Number of protein chains: 2
Amino acid sequence: MRSQSVDKRSRLIRAAVELTYLHGFAKTSLADIAKQAKVPLGNVYYYFKTKKEVGEAIIEQRLSDLEARSKEWDEAGAPRDRLRACLLGVLENKEVLAAHGCPVGPFCSELRKEGGGLGKRAGEIFGRHLAWMEAQFKALGKGNDSRGLAVHLLSSLEGVFVLAHTFRDSHLVVMETKRLNQWIQEL
Amino acid sequence: MRSQSVDKRSRLIRAAVELTYLHGFAKTSLADIAKQAKVPLGNVYYYFKTKKEVGEAIIEQRLSDLEARSKEWDEAGAPRDRLRACLLGVLENKEVLAAHGCPVGPFCSELRKEGGGLGKRAGEIFGRHLAWMEAQFKALGKGNDSRGLAVHLLSSLEGVFVLAHTFRDSHLVVMETKRLNQWIQEL
DNA sequence: GTCTATACCGAGATAGAC
DNA sequence: GTCTATCTCGGTATAGAC
């Protein structure tokens, strides 16, 4: 049945997204993913020809997640409120972020070092996020500098995720988002 | 002879630092390191009982590198000039940073996810860097907020390294360091 | 479409001659 | 101290029965 297949495939993707977030892409074996998804190892290869294809599926998943969230942020109203909604989302995830880091940053770093083209595709996730932020700054009348402002905002967030994860300290996320909120307010 | 041993050991560490920076710790095999250092694989285990010990040696190397550089920055004069010296160092490395990312951030992320205690030790590198920055902000009379300022500065840098690496775009490093320089000036 | 068994390879680590 | 040969395990991927 098709419904069965779709179900297994989505279970595999779900497991892959979770496990690679927790342990990294290289350290997550297809056997681990299969086990978590309750699919026999050999069957994985019916849905994904190679591990690289699993990686692509993870990226697609992250992209559609981001799209969904950015639509939610858009509903917050004015550009400043949208950006604040984004920061609020970060704050709500502070504990997970401190425990395991950003799901995107280390994933991109790892894939870039691996070579093989997956890294470039993964970068699309940041590309979209950056584009969304830039649009908000443009709407705030910061057309000249909108790119730089977006880079600064996303950099600050990605960086504090690295530090919070390194020290397992969610308070760093609180500190930095407060500062960024203030900064947005004063722009 | 001891001199031979020391020489081989340092060659191995040098190779380990380089290769793990380029390809990540997990993806760098002891065979790769041995080959680059021109030491037979079996002999590696005379100097390091396990790969984990190689990881520790890499961390020690990074720590002493940072110590050396922070002493150079200290010679720039007043606190603001010291911070600018640090940023200037970043700028001088922009091409390498865009090509391969930060040597510390992804390394810490990877080791944290691996578990096993190496990650915590690696975090010491950021700990020292943060402490140095904090000292500069204190000296600028920002005692209240010195921790938050240091976190913001290091986060911004680490984050832009992730973005610059992802997009292989050294210009992002230029943009962000300019902004941070300005920010320091206005504090 | 599904699953078991297995081929194959590269990794960390060890044995033991020199 | 040094180096070759090898063990062992875990990973990706495939073969082929059902």
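Owing to the predicted nature of the structure, the values given are computational and were not obtained by experimental measurement. Chain letters run A, B, ... following the sequence lines, proteins first, then strands; residues in each count from 1.
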Quiz item: Rounded to the nearest Å, what distance is computed from the OH atom of residue A/Tyr47 to the C1' atom of nucleotide C/dG1?
Solution: 7 Å
Quiz item: Given the rule that I, L, V, M, F, W and Y join up when any side-chain heavy atoms are under 4.5 Å apart, are A/Leu187 and B/Leu180 in one cluster?
Solution: yes
Quiz item: Should the pair A/Arg62 and A/Tyr21 be classed as cation-pi, given the thresholds of under 6.0 Å to the six-membered ring centre and 45° from the axis?
Solution: yes
Quiz prompt | Contact check, side chains of A/Glu158 and A/Phe161, non-hydrogen atoms, under 4.5 Å | solution = yes
Exercise. Rounding to 10 degrees, work out the angle separating the end axes of the helix from C/dG1-D/dC18 to C/dC18-D/dG1 (five pairs an end).
Key: 10°
Self-check item: Pair B/Arg14-B/Gln36, side-chain donor/acceptor within less than 3.5 Å
Solution: no
Exercise. Could you work out which one of C/dC3, D/dT2, C/dG12 sits closest to the side chain of A/Asn43?
Key: C/dC3
Exercise. Specify the separation, in whole Å, of atom CG of B/Leu12 and atom P of D/dT2.
Key: 10 Å
Quiz item: Can you find a pair of side-chain heavy atoms, one from A/Glu176 and one from A/Leu157, that are under 4.5 Å apart?
Solution: no
Practice problem: Check whether any side-chain nitrogen or oxygen of A/Tyr46 sits under 4.0 Å from OP1 or OP2 of C/dG1, and answer yes or no. | Solution: yes
Quiz item: When clusters are formed by joining ILVMFWY residues with side-chain heavy atoms under 4.5 Å apart, either directly or through shared neighbours, do B/Ile33 and B/Tyr46 land in the same one?
Solution: yes
Exercise. Respond yes when some side-chain nitrogen or oxygen of B/Lys8 is under 4.0 Å from OP1 or OP2 of D/dC3, and no when none is.
Key: yes
Self-check item: Value in whole Å for how far the P atom of C/dG10 lies from NZ of B/Lys27
Solution: 12 Å
Quiz item: Tell me: CZ of A/Phe48 to P of C/dG1, nearest whole Å?
Solution: 14 Å
Quiz item: Under the salt bridge (Lys or Arg N to Asp or Glu O under 4.0 Å) criterion, do B/Asp65 and B/Arg69 qualify, and how do the steps go?
Solution: CA-CA 6 Å; B/Asp65 281 359; B/Arg69 271 178 301 140; 5.8 Å; no
Quiz item: Heavy atoms, side chains only, cut-off 4.5 Å: are B/Val104 and B/Phe107 in contact?
Solution: no
Practice problem: Whole angstrom is fine here: how far is it from CD1 in A/Ile33 over to P in D/dG10? | Solution: 18 Å
Exercise. At under 4.0 Å between heavy atoms, which parts of nucleotides 13-18 of chain C does protein reach? Answer with one letter per nucleotide, 5' to 3': B base, S sugar-phosphate only, - none.
Key: BB----
Quiz item: CZ of A/Arg11 versus P of C/dT2: gap in Å, rounded?
Solution: 10 Å
Quiz item: In a check of salt bridge (charged side-chain N to carboxylate O under 4.0 Å, His left out) between B/Arg121 and each of B/Glu53, B/Glu56, B/Glu60, which one passes?
Solution: B/Glu60
